[in-house]
S.K.: 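Below you'll find the structure I mean.
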Amino acid sequence: MFDLEGYGHLLWEGGLLTLKVGVFSMVIALFLGLVMAMCKLSKIWILDFPAGVYTTVIRGIPELVLILLVYYGGPTLIQDFAAMLGRDIYVDLNPFFAGSMTIGFIYGAFATEVFRGAFMAVPRGQIEAARACGMGPFLAFRRIQMPQMWRFAIPGLGNVWMVLIKATALISVIQLPELMRSADVAARSTRKPFTCFFMASLIYLLITILSLVFQQWAEKRANRGVRRE
Amino acid sequence: MDISVIIDSVPEFAKGITITVEITAISVAIGFCLAIVLSIMRVSKNPFVWMPVYGFNFYFRGTPLLVQLFLIYYGSGQFQEFFSQIGLWHLFKEAYFCAVLTLTLNTAAYAGEIFRGGIEGVSFGEIEAARACGMSGVKLYRRIIMPAAIRIAWPAYTNEVVFLLQASSLVSIITLMDITGVARVAAAKTFAFYELFLFAALIYLVLVYAVIFVFRKVENRITAHLVHEAASQ
């Protein structure tokens, strides 16, 4: 059953690509989330307002529409813009980059909210104490807020990762041969759609289980300095 | 930006909105009822009751919706003979039926876990008081536990409904003409990709915030008696 008439390895390769896309998107999401959370927490409206718009708008639009918008709409938008300037260019997006960038961009909005909550969960007294010790705002941020924030952020980020890895299945619509696309190819060739998609779903389930184990380990590690009653 | 393309496709988009809202509403309605049952089974102490539900929830929450959709829509083809024999094939060959079935099962699993959290959050004093008044079993759940659990779970459930509305865009992949489907077909015809997808995104944005608005209204209503308490604290 695991061989799928020779298509089993295709699914594994697809699974690896899914993981690659997932990790790449997650890195983008974490970076964006961190930057946007800091913007949202700053009292400067020119930073706060765009970050607010970003999280509100992105969380209200389906991932699929955004992926289609970036992958198909992006090149035509650039071409139309270039035509307006009197240039004739041809843009072709790489599905891997277009897909991961879009997924990362979407989940950056969710990560923003997680980081924002985590930063706010660090007791104010800690920051005041750091300032009293003579640390400037940046030093206090780097030494005090940043390391302690992770403890509160990890459960939320774990959830973001779980949703993100499942959202990568949508990249199959732009023909990237990740797990879902490979399963589709295998299903068409073997004429056993149920078996192939079920195998694919088990691989996703395996990723989910491994992520849960990793998350528990990370939470334990992040909380190692916390005393329990 | 070519606005005329959008204007030309407005009637199609109107149909698309109907399909999206219809599919979401049906799935939410059936999924809600299923989730209530699942959540009650999930908190049972009998392993034969809670374990199958745990497995169901884990599977539907641990795999992408797209896989589930393909599993039901394309996968059912592998058992065509069996479905024909029991007279269900005419249902499974319809993309609409498969879409609603998948979304319903998916939302039932997510909402089931949300409501379980709600049930576990009901303060034990309330249950004790109900028991002291002589309630048990169905009456206890119907009158005391479920109303309190739903009240606790409502904000999280609002999120789930918003996710389901967005997730319904996947049905366009199995040929249904919802908002995304209309945008894809119109874009393929006119090459006005970003105009049409931006317009689709805008419609979803309006729908999502409309859902949030309605659910907040319901939340205010079902927690009306608690507002005074919260304000006085």
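The model shown is predicted, which means the values in this text are computed figures rather than measured ones. Every chain is numbered from 1, with letters handed out A, B, ... down the list of sequences.
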S.K.: Going by the side chain to side chain contact (heavy atoms under 4.5 Å, CB included) test, name the single residue among B/L205, B/L202, B/L198, B/V208 that passes it with A/I61.
M.R.: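 For A/I61, the side chain to side chain contact (heavy atoms under 4.5 Å, CB included) test succeeds with only one of B/L205, B/L202, B/L198, B/V208, which is B/L205.
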S.K.: If you look at every heavy atom in A/F194 and B/L71, which pair is closest and at what distance?
M.R.: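 Shortest heavy-atom contact: O-CD1, 3.5 Å.
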S.K.: Got a sec: does the CE of A/M101 have more than 12 other heavy atoms crowding it under 6.0 Å?
M.R.: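 Incorrect, the count does not exceed 12.
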S.K.: So A/F110 and B/F163, would you call those rings parallel, tilted or perpendicular, with 30° and 60° as cut-offs?
M.R.: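 Rings of A/F110 and B/F163: parallel, as their planes differ by under 30°.
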S.K.: Would you please classify the geometry between the B/F193 ring and the A/Y72 ring as parallel, tilted or perpendicular, with 30° and 60° separating the classes?
M.R.: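 Plane angle under 30°, so parallel.
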S.K.: Who wins among A/S211, A/A183, A/G60 for the most heavy-atom pairs under 4.5 Å with chain B?
M.R.: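 Looking at each of A/S211, A/A183, A/G60 in turn, A/G60 comes out on top.
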S.K.: Quiz question: by atom type and distance under 3.5 Å, do the side chains of A/S201 and B/Q68 form a donor-acceptor pair?
M.R.: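 Short answer, no.
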S.K.: Given that the side chain runs from C-beta out, which part of B/Y59 has a heavy atom under 4.5 Å from chain A: side chain, backbone, both or neither?
M.R.: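 Contact with chain A involves both backbone and side-chain atoms of B/Y59.
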S.K.: Atom OG1 in A/T168, atom CG in B/L66: separation rounded to 0.5 Å?
M.R.: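 It is 10.0 Å, given to the nearest 0.5 Å.
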S.K.: Against chain A, label B/L170 side chain, backbone, both or neither, depending on which of its atoms sit under 4.5 Å from a heavy atom there.
M.R.: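 Looking at B/L170, backbone and side chain both touch chain A.
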S.K.: Would you say the side chain of B/P64 lies within less than 4.5 Å of the side chain of A/Y204, judging by non-hydrogen atoms?
M.R.: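 Yes, at least one pair of side-chain atoms sits under 4.5 Å.
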S.K.: Would you find a donor on one side and an acceptor on the other, under 3.5 Å apart, between the side chain of B/Q166 and the backbone of A/L64?
M.R.: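 Not confirmed, B/Q166 side chain does not pair with A/L64 backbone.
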S.K.: Are any side-chain N or O atoms of A/K192 and backbone N or O atoms of B/G75, one a donor and one an acceptor, separated by less than 3.5 Å?
M.R.: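 Absent.
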S.K.: Does the side chain of B/F197 come within less than 4.5 Å of A/L66's, by heavy atoms?
M.R.: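 Side chain of A/L66 against side chain of B/F197, heavy atoms only: no contact under 4.5 Å found.
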S.K.: Should the heavy atoms of other residues, nucleotides or ligands under 6.0 Å from OH of B/Y54 be counted, would the total exceed 12?
M.R.: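 Not more than 12 within 6.0 Å, no.
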S.K.: Flag yes if more than 12 heavy atoms outside B/F82 fall under 6.0 Å of its CZ atom; otherwise flag no.
M.R.: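 It does not: B/F82 CZ has 12 such atoms or fewer within range.
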S.K.: If every non-hydrogen atom of A/L212 is compared with every non-hydrogen atom of B/F58, which pair is closest and at what distance?
M.R.: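 Heavy-atom minimum between the residues: CD1-CE1, 4.0 Å.
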S.K.: Relative to chain A, which segment of B/S172 carries a heavy atom at a distance below 4.5 Å: side chain, backbone, both, or neither?
M.R.: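 Just the side chain, heavy atoms under 4.5 Å.
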S.K.: Could you look at A/V57 and say if it's the side chain, the backbone, both or neither that has a heavy atom under 4.5 Å from chain B?
M.R.: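 Both parts, heavy atoms under 4.5 Å.
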S.K.: Under a 3.5 Å cutoff, is there a donor and acceptor pairing between the side chains of B/Y74 and A/D184?
M.R.: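 Absent: no donor and acceptor within the cut-off.
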S.K.: Specify which of A/T208, A/V70, A/L68, A/I207 makes the most heavy-atom pairs with chain B at under 4.5 Å.
M.R.: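 Most pairs with chain B among the choices: A/L68.
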S.K.: In terms of heavy-atom pairs under 4.5 Å with chain B, which of A/I165, A/V65, A/L205 leads?
M.R.: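 Looking at each option in turn, the highest pair count goes to A/L205.
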S.K.: Pick one of side chain, backbone, both or neither for A/M180, based on which atoms fall under 4.5 Å of a heavy atom in chain B.
M.R.: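 For A/M180, the contact with chain B is made by the side chain alone.
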S.K.: Could you check whether any side-chain heavy atom of A/K166 comes within less than 4.5 Å of a side-chain heavy atom of B/L65, counting everything from C-beta outward?
M.R.: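 Contact flag for A/K166/B/L65 side chains = no.
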